[in-house]
Each structure stands twice: as C-alpha cells, then as structure tokens.
Number of protein chains: 2
Amino acid sequence: MKQRVTMRDIARKLGVSSVTVSKALNDKEGVSEELRKKIKETAREMGYRLNTLAKAMKEGYSYNVGVVIPERFIGDTQSFYLRFYQHIAKALDHYGYCSILHILTAEDEEQLQLPRVYNERKVDGFIMLGQVNKEYASLFQQIELPVVFLDFYHDQDVDCVLTDNFFGMYELTNHLIQCGHREIAFVGNIYSTSSIQDRFLGYYKSLLEHRIPLREEYIISDRDEKGKYIDFVLPKNMPTAFVCNCDQVAYHLVHTLKELGYRVPEDCSVVGFDNDIYATLAEPNLTTVQVNMEEMSDLAVKMIIEKSKDRNKKYGRVLVKGQIIYRDSVQRIND
Amino acid sequence: MKQRVTMRDIARKLGVSSVTVSKALNDKEGVSEELRKKIKETAREMGYRLNTLAKAMKEGYSYNVGVVIPERFIGDTQSFYLRFYQHIAKALDHYGYCSILHILTAEDEEQLQLPRVYNERKVDGFIMLGQVNKEYASLFQQIELPVVFLDFYHDQDVDCVLTDNFFGMYELTNHLIQCGHREIAFVGNIYSTSSIQDRFLGYYKSLLEHRIPLREEYIISDRDEKGKYIDFVLPKNMPTAFVCNCDQVAYHLVHTLKELGYRVPEDCSVVGFDNDIYATLAEPNLTTVQVNMEEMSDLAVKMIIEKSKDRNKKYGRVLVKGQIIYRDSVQRIND
DNA sequence: CTGAAAGCGCTTACAG
DNA sequence: CTGAAAGCGCTTACAG
C-alpha cells in the first residue's frame, strides 16, 4: 500500500483530470456513470483515503466539534458526564463529524482561558457539557464560534438542551402521592445548583396541586455551598417518603436511614434522580428518573451543526423529558 | 472582531510579507526582534488565530491522535476506560495534540471496519485502549498509521503499555503472606483474559516463593467464557484470604461472604485490583492495587507521537508498576 | 461530460 | 533581515 494516494494519482493512472476524480468521488454531477464507476474502483484498489484537511481548508469547515467538560465533573465516582460524552460522540459520528474532548481545568476556567482547539481553529463549534461559572459561559458566547450548552443554562439568550428537571420531579412526586404518601420531604440544597432548584420546584408544584403544604423541616440539605456533602439533619416528625435531588444522595440517605433503624421502603420510601450507578447499588434499588442522554445528545449535535453553518440560527432553551424507572424503593401505603 | 484574520491580513497592515509574519509568529529565525514583537502585538490586537488546518496540510501532520475504545468497556458501571481516556486527553494536550475519541461498536469490530477518522486522515496515529479481537488488532497493525495498544497486547511485535499485572499481584500476595496468611484463594476465570491470567501468575509466583502449594479448589471462577459473572463456588475448606482479580469481583465476594455469615476481614481477608469505585463501595474498604493511569497515559502518548514522526520506532511491551493501596479488608493473623 | 485556472492559509526552500 | 515563488490536496466556478 502506497504511503499517500492523492486524487491526482488516480487521475494520472486513468488519464483524466483531478477535477473529474473529485466530482466522481463526491457523487457530484458532471461525470459519466461509467467513468465514475471506474474512478471509484481505482480509488479503492489504490487504497485512496480522502484528505479531509484539504477539503476542510477549502470549505472553511473542520467537521469537528469541541466538547468541553469541566474537570470537576469527572471525579472518580462521577462518570455521568463521560457517559454523556459517549452519546455525543456517537451522535456526531452519525452526522459525519468528529468530537474533540476538552477537559476544562479549574484553573483555565478561573483565568478565562479558551481551549487550544479554539485558537487553532480545529473545530466548527462547541458543546459545553455541565455547569461552568458565569464569566466563562459569557466568554464562550462572545467568541465567533457557536456554542450549545448541554445540561446547563445561565442566561436567556443561550441555546441549550436541558433535562426537564422540573417536569421529571413533578411526575415522580405525583407518583408518590398516588401511592398514598402525603408527608414527603425533599433532600437537596436548593440554593446550590439550578438543576436542584428546578427539581425542587417540580416537587413543590406537585404538592401545590394536591393541596399539601410545603413544610420547612421537610427541606433537607445535602451539601454545603461548595457542593461538599454534609450529614443529613432529619426532621423530628419523619415523613413517609423522601424525594432526593439525585441518586447518589438517595443512596447515602438509604444508608443513613438503615443505620437509624428505618426499613426502606417499609418505613420510608426513597426516590432519586438520574438513574446512575447509585440507583442500582442501593438496596433496595431506587425508583428514579432517567435522563434521556441519547435524545439530548442528538439534539445538541444537530443544533451545533446547524449553527456552525448559519450563525443566526437560534434555538433557546430546549427541554427533554426524562422517564420514571420504577424499582423497589417506594411503598404503596394507601388502603 | 473580524471573522477570519489571516497572516496576510497582518502582513498587509504592517506592510511586510506573510512569510515574515509566519516566521515571527512561529519563533523562527530570520526576523528582527523589533519586527517580531510588533507582528505578535498586531496579531493579538486583530484577534488572529492560527489555521492549523493549513499548517497541517503543508506539514502532513494533523496533530490529532485517535483513541479507540471498544463500546463494551463503557457500560453503565464501567467508567474505568473513560477515566483512562481523560488522562490520555490531558497528556496529548500537554504535547500540543488533540484527541479524537472513537467508540468502537461490536459490529464494526466484527466486520473489521476502521474508524472514519482513519479514512479521512484526521489523525496521525491511534491509541487502542482495551482489548479487541485478534483480527481487529491485526488490522490496525497493517494500516500505514502507527498504533500503540494501551492496557492490552496480543502479539510479540506490538508496541503497548501495560499495567504490570503480574508484579502487582505478586506484591499484593506477598503482603497477605507477610500478614500471616497461608491459605489464600484466587478468584477469577484464569482462561478469560490475559490480564486475569497474568494476575493469577503473579499470585502463583508468590505462593511458589513461599513454598505454599497451589490448591485447585482455591482457584475460584467468577465469570463464564463470555465474561458473564457467575455465582462463586466456595471451597469446602475455607481459606483465610481471597485474592480477587479485580475490585468489582472483590466487592461481590464480600457481599456473598457476609450473606454466608463470614465477617470481613475478621474471618476472611479480601483484596482486589484496580482501585476503582468498587474498592471504596465495599465494606470494609478494599486493600487493592492502583493502576498508574497517569504514567501509562503519558507513556502511550509519547510513544504514539514519536512513532508518527518515525515509523521505524519500536518500543515493544512497556510495563508500568501499580501501587498497593492499603485499606481495611486485610486482617493480620500472625502471632 | 470534461478540464485548466485559481484559491483556501500556511510553510519551506531559496534568492536577494 | 526580508520576501517572491512554489506547493500541500482539494474544490469551486467557469470555459470548452
């Protein structure tokens, strides 16, 4: 196999011009079917591979998309965003694009340092996965490359794809109420992230609709302002069900409850959110809400590709519904 | 900010040639310091970004490396290779390269389908992360792009970076023996993967050195030929310690032992390998061997970059030592 | 249906 | 120290 076969090599071998070869290989009109077939065959025989670089330079597109994930989301226990990335990579591949992952260090975020792929024009746009600070998010909106935020938004004018946290938690709480629960606590620091806030509001809406008062002692914090997990302070009057802002917290809560002598779900029901590894590590396995990563990834990819071709495309906030996964952590307590 | 600033734009503005701009920006000789400074300043002011595509086409390098991970290694519970990928991406970044992740589907592997980045010449070489079937591995060795296998090898002639499974398990078993254990079982299907095999042989070497006979009933399988986990068949004479081929299996073993009424580590010590999430999910937390991902990633990256510049570079099998992490799953039983 | 010309933005020789 | 010329491999627009 020769080192580098170019269109010109094929052209010379067949006694045609490289323009014709280009047309034939790209299925453009202006070549007879017979010649096209012969060219394609010869290309295969000679082991020809398109040089995307040359094509990209001519067209001004790299057919690469940068995916930025803040480093802190890729801890030892947090594979959530990496799994998300996997779906993004697949979706990009499906549209003929490649993904270039950029792991954003806390330092670069603080110093408003843009990824090298930006400075080197290696990508046509960015997907920002997960929450970054406001200044960094704003910086990305100012550059001349389009950006789509995935699983995070910070401002009205941003194009983003989000889990419908609000609606998911609303439906999950409805489910508990249908099972007879009326004393339902929410577990999560509602000042911490916007997704916890939205989930809390969905829980609250469900209470409102069912005329169940919101009780302050039923809002149980799980982490401090810096996101560090803290010990739960359980209410004096125990609820019959706990709605946790995520599976990891639900997992820890189940542990804590068991240590205090409560049985789950017989004494307390517990539900989570995300359907990550903690949902099935917990015993009993958790009823939870599964984020629809495939659909979210596919949407974000479609959006960024469209935006890279037409800078004026606007999408706004796009919400994708999750799905309740029913497992064994909820007890039916109505008669 | 103008859409696209080129070297020529800078040149025109300063009344010099684009060759001079290129030299100045690339810190090549042939420009006066004064002019170089002025050019760099103007470039910054005009918001110039290098078009890597053009540079790459000229030089014949893309400064991208493809990282291939078989899909089956990225399950819901297996974030190991994605964490590995993170380190690879960081190491590549450090050397001025970008990584393009390719998730290899079972189908593509079966049909010997090469990643699109290969056909599009988007990468200078590949890092293959994790085990693929022999045919696929051979295919990769035949293409004209270099490849480095990471955490897997299949043949003498391959350049690869491996955890020293053998030596790690040897040291870990030595540690158990130093703690007084002499009845030590190995848990893992020793016909399943080469890394389990090597770990087993390290365990065996430690037994040999200490004149402890290898007992057949102390080799406990954990999975069938297809890699599916099976129930453990525990020996009639219980050992005092179990050496598990990985943390996940150790985690399950601890569960099984507890259900049977054994206390860990009081009645049986258990050790794992990998130091993944299961090591700290297990109670007690597992003594295990930590794979040195940083060093392995850095080595693999250095190797693939060198190989992309010099096709004749050969490295062979490079082994990287792991490190024992001491936790609470081993009981000292000597007097 | 086919191809000569020009250009994408850069770099590498080479000449002044 | 500075720059005109050529070329990397492709595609687009135009002419025949």
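In the text below, chain A, chain B and the rest are named by the order of the sequence lines, each starting its count at 1. Any value given below was found using the heavy atoms of this structure, including those in side chains, with hydrogens, waters and symmetry copies removed.
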Taken to the nearest whole Å, CE/A/Met57 to P/C/dA6 is 17 Å
Is any side-chain nitrogen or oxygen of A/Ser22 closer than 4.0 Å to OP1 or OP2 of D/dT11? yes
For this session: Give a yes or no on whether the backbone of B/Ala89 and the side-chain of B/Asp93 come within a donor-acceptor separation of less than 3.5 Å.
Result: no
Check your understanding: Side chains of A/Gln141 and A/His154: do they bring a donor and an acceptor to under 3.5 Å?
Key -> yes
Heavy-atom nearest pair, A/Cys98 first then B/Arg116, reads SG-NH2, 3.9 Å
The answer to which of B/Lys23 and B/Tyr48 contacts DNA chain C further toward the 5' end, by nearest nucleotide, is B/Tyr48
message: Is there a side-chain contact between B/Asn26 and the phosphate of C/dT11, meaning an N or O under 4.0 Å from OP1 or OP2?
response: yes
Between A/Ser18 and B/Ser32, whichever has its closest DNA chain D nucleotide further toward 5' is B/Ser32
Picking from D/dT2, D/dA4, C/dC8, the nucleotide nearest the side-chain atoms of B/Val19 would be D/dA4
Applying the 3.5 Å cut-off to both distances, the Watson-Crick or G-U partner of C/dC14 turns out to be D/dG3
Between NZ of A/Lys122 and C1' of C/dG9 the distance, given in whole Å, is 16 Å
Rounded to whole Å, CG of A/Leu35 lies from C1' of C/dG3 at a distance of 12 Å
- Task: Answer yes or no: is there a donor N or O on one side and an acceptor on the other, between the side chain of B/Asn64 and the main chain of B/Ser99, under 3.5 Å?
- Result: no
It should be established whether A/Thr6 places a side-chain nitrogen or oxygen under 4.0 Å from OP1 or OP2 of nucleotide D/dC8.
no
Rounded to whole Å, the NZ-C1' distance (A/Lys58 to C/dC8) equals 6 Å
- Under 4.0 Å between a side-chain N/O of A/Thr20 and OP1 or OP2 of C/dC1, yes or no? no
Taken to the nearest whole Å, CG/A/Leu50 to C1'/D/dG9 is 9 Å
Rounded to whole Å, the CG-C1' distance (B/Asn51 to C/dC8) equals 8 Å
Does D/dT12 have OP1 or OP2 under 4.0 Å away from a side-chain N or O of A/Lys28? yes
- Mind checking whether B/Phe152 and B/Phe149 have parallel, tilted or perpendicular rings, split at 30° and 60°? perpendicular
Of the listed D/dG9, D/dT11, C/dT11, the closest approach to the A/Lys55 side chain comes from D/dT11
When rounded to whole Å, the CD to P distance for the pair B/Glu120 and D/dT11 reads 12 Å
In whole angstroms, the gap separating C1' of C/dC1 from CD of A/Glu34 amounts to 12 Å
